[in-house]
Amino acid sequence: MTITTALQNTDDLKKNWSEVQTKLKEIYGLDVYKSWIQNVEAKEIKHNSLTLVVKTRFVRDWIVSHYADKILDFFQKLDKSVTRIQFEIHESFYNEKNNQTNIVDFATGSQIADSKDAGYATNRLDHRLTFSNFVVGESNQLAFSAAKRVSETLGHYNPLFIYGSVGLGKTHILNAIGNELKKTDKKIIYLSAERFMYQFVKSIKNKDTQKFKDVFRNVDVLILDDIQFISGKEVTQEEFFYTFNSLIENQSQVIISCDRSPNDLDRIQDRIKSRLSGGLVVDIQPPDIALRLQILKNRCKTEETYFGKEVLVNDEILVFIANEFKSSIRDMLGVLNRIIASSRIQNKVPTLQDAKLILKDLLNNMQSVITIEDIQKLVVNYYNLPMSDFLSSRRSRHIARPRQVAMYLSKKLTTKSLPDIGRKFTGRDHTTVIHAIKKVEELMAADKKFEYEVQDISNKILKSN
Ligand code: ADP
Ligand code: MG
């Protein structure tokens, strides 16, 4: 093999692997991707075997038992020669990167003799989630102040239990506490309850539960996210309970988030529930419009500091997003990202209409769907026609043209198929619809006034919706 082909092969391998990673992200979601897939590197293909490099044995075991089949599957679609996957563990890489933090980490913690494979590697605090970029409003005020208070005075509320439904900022607040405390010399563990469970089960398997216990019982601060995942699993509940008790007895701070209040945790023993409620229990409510808007504005500002002036999402769009996405801040921010990304790709400042089009599929899943009937009504009004004429079979231009415009807009502003659209126009054929769309596009290209007219109607429809 020449050097060029060797390089070519490495390039292909990298490209294929990154494609497989993207697929895995799509099917398993961002959390799984970040925890298990993102940091895996593809090293080489030899004798039909793909070598992946991971950082700990634990990660390897986890990938083998959960994702290896899919990985091979996806990889074979891109490179048929590969029939096996094998793993190499490179711990040094991981150690180098992380030995400055004082977060207790199974993989680096010196107080743990031999626990390199326990894999906390994937559970680090997200440094971007801080108190300073958390926007406070009525709905999260209590949780915010309590969290701040605890990060200033450990033990002030112990445990601190924060609950609320998904996407309202629990993980953000927990990370903010952790990031604040990271500046001190306190030993902190931050992890999801799910991970806590797996660590524990893993330690049983490896017969080193004592180490597990020591690690958890020797921290100053335990931050446990999404504790609802512990419910129902008896052994882990028991272990959690002991850990929890010994921490509280040692006056270590425990901070917990959950998607519901302690009392609403079913399948959790009562004594644990009452222990959980023993400190301060605060909830985060869905944000009001003012808070939603402020969060969006702040996010735009942050984006601007990173990417410069390209991020020009005007207030009209922000108000629109804030009005449409009420229940989850995560979803709302996701939508903003999508608009920003798309405007970057197209290299233009989005109008409200652009924003609505970008979100067409999302919007169609919600109440405020634009229907063909809406479009017909608006068009009829615009041209001042009786609906009966509009829907009749008459072909005179002053009726046929608006009808074509309505068909064109139905295609553009809804997700309905051509036959569906035809049916709504008194059972016309889909070829009629295609013809209408073509005609309108032609006319728009040839006649500025007409183009403006269609644009105007389209805006009116979007605004009225
Ligand atoms: P949860 O853990 O409750 O499901 P997250 O903490 O993951 O929710 O929040 C979802 C997204 O919304 C995150 O990107 C987070 O940074 C953002 N977010 C939530 N609340 C706020 C807030 N008050 N200010 C700024 N960003 C927020
Ligand atoms: Mg969360």
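Both counts, for ligands and for their atoms, begin at 1 and track the order of listing. Everything numeric in this text was worked out from a predicted model, so none of it was measured.
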Give a yes or no on whether the backbone of [Y] and the side-chain of [X] come within a donor-acceptor separation of less than 3.5 Å.
| X | Y | answer |
| --- | --- | --- |
| Asp226 | Ala193 | no |
| Asn140 | Val136 | no |
| Asn158 | Ser252 | yes |
| Thr414 | Lys411 | no |
| Gln21 | Ile37 | yes |
| Glu180 | Ser151 | no |

[atom]: nearest protein contact (heavy atom, Å):
| atom | answer |
| --- | --- |
| atom 20 (N) of ligand 1 | Ile329 CD1, 3.4 Å |
| atom 8 (O) of ligand 1 | Gly169 N, 3.0 Å |
| atom 17 (C) of ligand 1 | Leu333 CD1, 3.6 Å |
| atom 21 (C) of ligand 1 | Phe134 CE1, 3.7 Å |

Given [options], which has its nearest heavy atom closest to [atom]?
| atom | options | value |
| --- | --- | --- |
| atom 23 (N) of ligand 1 | Thr130, Val135, Leu291 | Val135 |
| atom 2 (O) of ligand 1 | Asn337, Ile284, Thr171, Ile295 | Thr171 |
| atom 14 (O) of ligand 1 | Gln294, Arg299, His172, Arg330 | Arg299 |

So, Phe196 versus Phe212, ring centres under 6.0 angstrom or not?
yes
Output the list of atoms in ligand 1 that are nearer than 4.0 Å to some heavy atom of [X], sorted by atom number.
| X | answer |
| --- | --- |
| Asn140 | 23 (N) |
| Leu129 | 16 (O) |
| Val166 | 4 (O) |

Return all protein N, O or S atoms below 2.8 Å from the Mg ion (ligand 2), chain by chain in residue order.
Thr171 OG1
With no hydrogens and no angle check, just 3.5 Å: does a side-chain donor-acceptor pair link Glu88 and Thr51?
no
May I ask you to check whether Gln294 and Asn298 show a side-chain donor-acceptor distance below 3.5 Å?
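Per modelled atom types, Gln294 and Asn298 side chains form a pair under 3.5 Å.
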Taking heavy atoms and a distance under 4.0 Å, where does Asp225 meet ligand 1: side chain, backbone, both or neither?
neither
Region of Asn133 that comes within reach of ligand 1 [heavy atoms, distance under 4.0 Å]
backbone
More than 12 heavy atoms of other residues, nucleotides or ligands under 6.0 Å from CZ of Arg128: is that the case?
no
Within 6.0 Å of CD in Gln251, more than 12 heavy atoms from elsewhere
no
Answer yes when Asp456 and Lys460 have at least one side-chain N-carboxylate O distance shorter than 4.0 Å, and no when they do not.
yes
Quick one: does Gly167 get a heavy atom under 4.0 Å from ligand 1?
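Yes.
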